[in-house]
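Only heavy atoms go into these numbers, but all of them, side chains included; no hydrogens, no water, no symmetry mates.
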Amino acid sequence: ANDDGTYTNDYSADLAGKINPSPVKVTKKITAVNNATTNVKADGAVASASVDDDVKFELTATVPGSNQVGNKVKSFEILDKMTATELQFNNDAAVYVSDEQGKNYTKISDYKVTTPSDATFGISLNTTDGYINSTYYGKTIKVEFTAKVLSGAKVSTAGSNDNTDSLKYTNEAGAPY
C-alpha cells in the first residue's frame, strides 16, 4: 500500500515484440532483361524489352510476427499478377531469406508456388504446426523470377504493361491482411 492507503500496480509489457510500426508491403523491381542490366533504369522501375525477351523481376517483403503469444504468423504469401496478353511467367521462381541485417540472402526451399484466382502465381511459405518458420520473423523474403514479353505487350514509352504484386498473411488470431 502507498502512504495514502492506495495501491499501485507496476506492470510492464514488452510491446515491441507485439507490433511492427511500419506497414508490411511488397516492393518490386526489374533487375535484368535477357540476363543483362543495360536496358534497366537504375531504380528498377522501367526497362526496355522486346517481344520474346525474358524480364527478370525481384519482389521483396519483410515477414511480420514474432514468437510472442498472439503474434505468430499462420500464412504468408507474396502474389504477382500479370496481364496474360503481355507477360508470361516462366515458372522459375527462386526464393531467398535475408540475414538479420537484410543484406545477405540464403536460398530457401520451404515454400510452394501457388496459382491463386486473383494472381498469376504466388509464393507461399510452408507451415509447421500451423505457423511459418519463426526464424523468418523480421527478415526479408526475396523472390526472383522471369517473365517472357508477349506480342500483346505495349511497346511505347507512354504505356505500361500491367504487372502488380500484393501480399497476404494471417496472424495467430486468424486476422487476414
Side-chain angles (χ1 to χ4, degrees), residues 20 22-65 73-127 132-133 135-170 176-177:
N20 182 347
S22 59
V24 179
K25 63 181 180 177
V26 179
T27 58
K28 178 189 283 183
K29 66 181 180 179
I30 300 168
T31 59
V33 175
N34 293 330
N35 293 318
T37 59
T38 52
N39 291 331
V40 179
K41 297 269 184 174
D43 65 0
V46 178
S48 297
S50 300
V51 172
D52 291 328
D53 283 352
D54 286 319
V55 178
K56 186 174 184 178
F57 293 93
E58 178 184 289
L59 303 170
T60 56
T62 301
V63 179
V73 176
K74 294 178 97 172
S75 67
F76 184 88
E77 184 174 25
I78 298 173
L79 305 166
D80 193 89
K81 183 177 182 179
M82 301 173 206
T83 300
T85 58
E86 298 171 352
L87 294 168
Q88 179 182 353
F89 174 51
N90 288 333
N91 292 310
D92 60 352
V95 182
Y96 305 84
V97 64
S98 73
D99 60 11
E100 294 291 332
Q101 293 75 34
K103 297 187 187 279
N104 299 304
Y105 286 84
T106 303
K107 193 170 188 176
I108 63 172
S109 60
D110 61 338
Y111 68 91
K112 61 183 169 269
V113 178
T114 63
T115 52
S117 61
D118 57 345
T120 304
F121 75 98
I123 298 296
S124 179
L125 296 180
N126 291 342
T127 59
I132 67 165
N133 185 334
T135 62
Y136 297 156
Y137 295 156
K139 294 182 181 173
T140 300
I141 298 294
K142 176 171 69 173
V143 178
E144 295 178 336
F145 67 94
T146 63
K148 184 166 293 301
V149 179
L150 302 176
S151 61
K154 296 175 187 76
V155 293
S156 71
T157 55
S160 67
N161 294 291
D162 292 332
N163 182 355
T164 59
D165 56 72
S166 59
L167 175 66
K168 291 182 182 178
Y169 65 96
T170 307
Y177 296 95

| request: Give the minimum heavy-atom separation between A47 and V33, together with the two atoms involved. | output: CB-CG2, 3.9 Å
| field | Candidates I141, L125, T170, N126 - the one meeting side chain to side chain contact (heavy atoms under 4.5 Å, CB included) with I132 | value | L125
| field | More than 12 heavy atoms of other groups within 6.0 Å of K81 NZ | value | no
| query | Sub-3.5 Å donor-acceptor pair from the side chain of T120 to the main-chain atoms of M82, do we have one? | reply | yes
| If you measure from CG on L79 to CD1 on I123, what distance do you get to the nearest 0.5 Å? | 9.5 Å
| message | Can you tell me how far apart OH (Y105) and OG (S98) are? Round to the nearest 0.5 Å. | response | 5.0 Å
| By side chain to side chain donor-acceptor pair (under 3.5 Å) - contacts of N91 (at least two apart) | none
| request: State, yes or no, whether a side-chain contact exists between L59 and D80 at a heavy-atom distance under 4.5 Å. | output: yes
| query | Is the closest side-chain heavy-atom distance between D54 and K56 below 4.5 Å? | reply | no
| message | So that I know where these two stand, are F121 and F145 an aromatic pair - ring centroids less than 6.0 Å apart? | response | yes
| query | Between the side chains of T146 and N90, is a donor N or O closer than 3.5 angstrom to an acceptor N or O? | reply | yes
| Taking all atoms of both residues into account, what is the closest heavy-atom pair of V143 and A93, and its distance? | CG1-CB, 4.3 Å
| field | Side-chain heavy atoms of T140 within contact of Y96, under 4.5 Å | value | no
| field | salt bridge (charged side-chain N to carboxylate O under 4.0 Å, His left out) contacts in which one or both residues fall within residues 82-93, not counting sequence neighbours | value | E86-K154
| remark: Distance col, row L150:CG vs D52:CG, nearest 0.5 angstrom, shows 8.0 Å
| Hey, does D99 have a side-chain heavy atom less than 4.5 Å from the side chain of K139? | no
| query | Do V73 and P64 come within less than 4.5 Å of each other through their side chains, counting heavy atoms only? | reply | yes
| task | State, to 0.1 Å, how close P116 and G122 come at their nearest heavy-atom pair, and which atoms those are. | result | CD-N, 3.8 Å
| message | Do V40 and K29 have side chains that approach each other closer than 4.5 Å (heavy atoms only, starting at C-beta)? | response | no
| message | One thing to verify: whether E144 and K142 come together as a salt bridge, which I'm taking to mean a side-chain N less than 4.0 angstrom from a carboxylate O. | response | yes
| query | Is any side-chain heavy atom of V95 closer than 4.5 Å to a side-chain heavy atom of K107? | reply | no
| task | Might you confirm whether atom CG of D43 has over 12 heavy atoms from other residues, nucleotides or ligands at distances under 6.0 Å? | result | yes
| task | Return yes if a side-chain donor-acceptor contact under 3.5 Å exists between N133 and Y111, otherwise no. | result | no
| query | Think K28 forms a cation-pi with F57, using NZ or CZ under 6.0 Å from the six-ring centre and within 45 degrees of its axis? | reply | yes
| Do V149 and L87 come close enough that some side-chain heavy atom pair is under 4.5 Å? | yes
